Amino acid sequence: MTTTTATTGSTTIGQSLLNSLNAGSGVDTASLVASLVQAQFASKNLQLTKQDTTLTAQISSVAKVQSAITSFSSGLNTLVKGGSLQTQPTSSDTSILTASALSGAKLSGLSAFVEVTQLATAQTTTSTTKFDSRSATVGSGTLTLTLGTAKDAAVSGFTTSATPIKVTIDSTNNTLDGIAKAINAANSGVSATIITDTDGKARLSLKGPTGTDKAFTLSGDSTGLAQLNVGGSAPASTITAAAGNAKLSLNGTPVERSSNTISDLVDGVKLTLSSVTTAGKPVVLGSSTPTAGLTQAVTDFVDTYNQMLAELKTETDVASGPLKNDYNATNLLRSLRGLTLTPLTTGGAAGAPGTLAAIGVKTNKDGTLSVDQTQLTAALTKTPDAVEALFADGTGASGGGIAAALSAISTAAVSNKVVINGRTETTGLVASTALYTAAKTKVSAAEEKVTSDTAAYQERLTKQYAASDAKVAAYKATQTQLQNQIDQWNKSGQ
């Protein structure tokens, strides 16, 4: 806020009057007017400046607290969702297959044997006809692409499993390259590429999805397009690989899958097949608990919590904190202080830790947290599953893991919707910002009014003192005239 002084330059007349003051009375009326104006509005200006400064500090403080809690919650959620704190499946031979955990999987104690006898394959074909270049014109009409199951590698005895796809070929796309692009644009799962062979000729190559039921035929309804036929009564392409399922066994039980990526065989595990096993040498699946990662996560959580707590305590300090009277900020502080005792898991085994306090996260006298490494190590040794569950990717204020609990606190603190007398209202730090911003707008309006009132008051006083000074000047002129007359009389009487 800019403090208004006596000299405002509000009008040309006012300035002229100020310049003429002091001409007759001998009194420094310009300084007098300035002092009177300053005295009149000094208290109001000081009050508004103080309010403006306080509101600016409060808005800035709310932004700091909001950023701190949301960053803390977001960072913890990212860590949890990243999977580094989740027990991971292991494979005894990653050249045969790799294993990864699915979201929410509980894999402690995983033990299984997998043998792979055949990988899932995709049907691939190459046109027999060779074209001079990829821009060579093939023909126009309609290509019909059909997916299904074939009796043999020659795609005979074909059984359709889906609605045939029609691909229109006209003058805009009747080249070999245009046809390949049109097939790809159909999004049937069959992809097309152009291959240039050793003699520089171009051919159309097609590849379908993996799986026995993903074989395909292609037929053209014109002489030109028939040069690309796959299967049927007039094949014009060589089938270089047949569609087939992956064949494997889990603990001795044979199964088949249409893909080499399998997520429905071992609970919570995605298997990616790369090769077949040697007879009698199955791949062993196990699990590995991220003990080091969980230990580090607990330590990092405590360190970040303490940093945020220090900032929050500064902003809500009862003596100097900008938010000392802000309910939303102080309520956030109270919520955080109860976090170590919040139940973070449900349905755990008897005696298994379900809170941060139970794994060694202690609350100090000043409200900060510390880690009892001995207690944390013991918990990880005895009940690693329970500790891992504390960092599960869940939801809810309690029972869904520490990330979910902190997220609930953050959401409630930053912007929470509540129904009051049938109306939905926003509470939390967003509401605090809106309140302070509205108050600051009122202060700005009051400052503008003071500026206007100051100018008007100064002009009024200036005119009043100018009139008085003029009268004094007139009196002095009369006095001088009389004195001169008296002096003349005295001279005449001598």
Side-chain angles (χ1 to χ4, degrees), residues 68-69 71-90 100-101 103-110 268 286-313 332-410:
I69 184 61
S71 295
F72 188 16
S73 178
S74 176
L76 186 58
N77 267 303
T78 299
L79 177 64
V80 168
K81 292 181 183 297
S84 61
L85 305 182
Q86 182 181 1
T87 293
Q88 297 296 317
T90 59
S100 57
S103 178
K106 296 181 180 180
L107 303 176
S108 179
L110 172 64
S287 62
S288 174
T289 301
T291 303
L294 288 169
T295 300
Q296 188 63 50
V298 172
T299 301
D300 290 345
F301 172 85
V302 168
D303 290 343
T304 306
Y305 177 97
N306 288 340
Q307 292 172 15
M308 192 194 69
L309 182 68
E311 184 165 353
L312 186 54
K313 289 172 71 174
L332 170 59
L333 186 59
R334 287 191 293 270
S335 297
L336 287 172
R337 284 173 172 165
L339 192 54
T340 57
L341 297 177
T342 299
L344 302 177
T345 58
T346 57
T355 64
L356 288 173
I359 63 171
V361 178
K362 307 295 185 182
T363 302
N364 304 316
K365 290 183 178 180
D366 61 357
T368 60
L369 302 182
S370 60
V371 182
D372 184 332
Q373 291 293 343
T374 300
Q375 186 175 351
L376 175 58
T377 300
L380 283 167
T381 301
K382 296 177 182 178
T383 54
D385 293 352
V387 178
E388 181 181 335
L390 299 182
F391 289 88
D393 181 11
T395 58
S398 63
I402 182 61
L406 184 61
S407 178
I409 291 175
S410 175

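Bear in mind the structure is a predicted one, so any value in this text is a computation, not a measurement.
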Inter-residue atom distance Asp303.CG - Gln307.CD, 0.5 Å rounding: 6.5 Å
Any chance you could lay out the side chain to side chain contact (heavy atoms under 4.5 Å, CB included) test for Phe301 and Val371, step after step, and finish with the verdict? CA-CA 10 Å; Phe301 172 85; Val371 182; over 6 Å; no
Around atom NZ of Lys382, are there more than 12 heavy atoms of other residues, nucleotides or ligands at under 6.0 Å? no
To the nearest 0.5 Å, how far apart are CG in Leu332 and CE in Met308? 6.0 Å
Validation row: Thr87, Pro290 side chains within 4.5 angstrom (heavy atoms): yes
Over all atoms of both residues, closest heavy-atom pair of Glu311 and Ala68: OE1-CB, 4.4 Å
Contacts of type ring-ring contact (aromatic ring centres under 6.0 Å, His included), residue Phe391, not counting sequence neighbours: none
Checking Asn364 side chain against Asp366 main chain: does a donor-acceptor pair fall under 3.5 Å? no
Sequence-distant partners of Ala386, side-chain contact (heavy atoms from CB on, under 4.5 Å), two or more places apart: Ala352, Pro353, Thr383
Could you list all the salt bridge (Lys or Arg N to Asp or Glu O under 4.0 Å) pairs where at least one residue sits in residues 335-344, not counting sequence neighbours? none
State which residues pass side-chain hydrogen bond (donor to acceptor under 3.5 Å, both in side chains) with Ser84; sequence neighbours excluded, sorted by chain then number. none
Tyr305: what forms a ring-ring contact (aromatic ring centres under 6.0 Å, His included) with it, not counting sequence neighbours? none
Considering only residues two or more places apart or on different chains, which pairs with a residue in residues 341-354 satisfy side-chain hydrogen bond (donor to acceptor under 3.5 Å, both in side chains)? none
How many angstroms lie between atom CG of Leu294 and atom CD of Glu388, to the nearest 0.5 angstrom? 6.5 Å
So, using side-chain contact (heavy atoms from CB on, under 4.5 Å) as the criterion, who are the partners of Lys362 when residues are at least two apart? Ser370, Asp372, Gln375
Test: side-chain hydrogen bond (donor to acceptor under 3.5 Å, both in side chains). Region: residues 290-300. Which pairs qualify, not counting sequence neighbours? Gln296-Asp300
Gln86: partners by side-chain hydrogen bond (donor to acceptor under 3.5 Å, both in side chains), with sequence neighbours left out: none
OG1 of Thr289 to CG of Leu380: how many Å apart, nearest 0.5 Å? 9.0 Å
What are the two closest heavy atoms between Leu309 and Gly367, and how far apart are they? CD2-O, 3.2 Å
Not counting sequence neighbours, list each pair that qualifies as a salt bridge (Lys or Arg N to Asp or Glu O under 4.0 Å) and has a residue in residues 80-90. Lys81-Asp393
For Ser73, give me all partners under side-chain contact (heavy atoms from CB on, under 4.5 Å), at least two apart in sequence or on another chain. Asn77, Leu406, Ser407, Ser410
Just verifying a value: how many Å separate Leu344 CG and Ile402 CD1, rounded to the nearest 0.5 Å? 5.0 Å
Which residues satisfy the side-chain contact (heavy atoms from CB on, under 4.5 Å) test with Asp385, sequence neighbours excluded? Ser108
Of the non-hydrogen atoms in Ala405 and Leu339, which two are nearest, and what is the gap between them? CB-CD1, 4.1 Å
So which atom in Ala297 and which in Leu79 form the shortest heavy-atom distance, rounded to 0.1 Å? CB-CD2, 4.1 Å
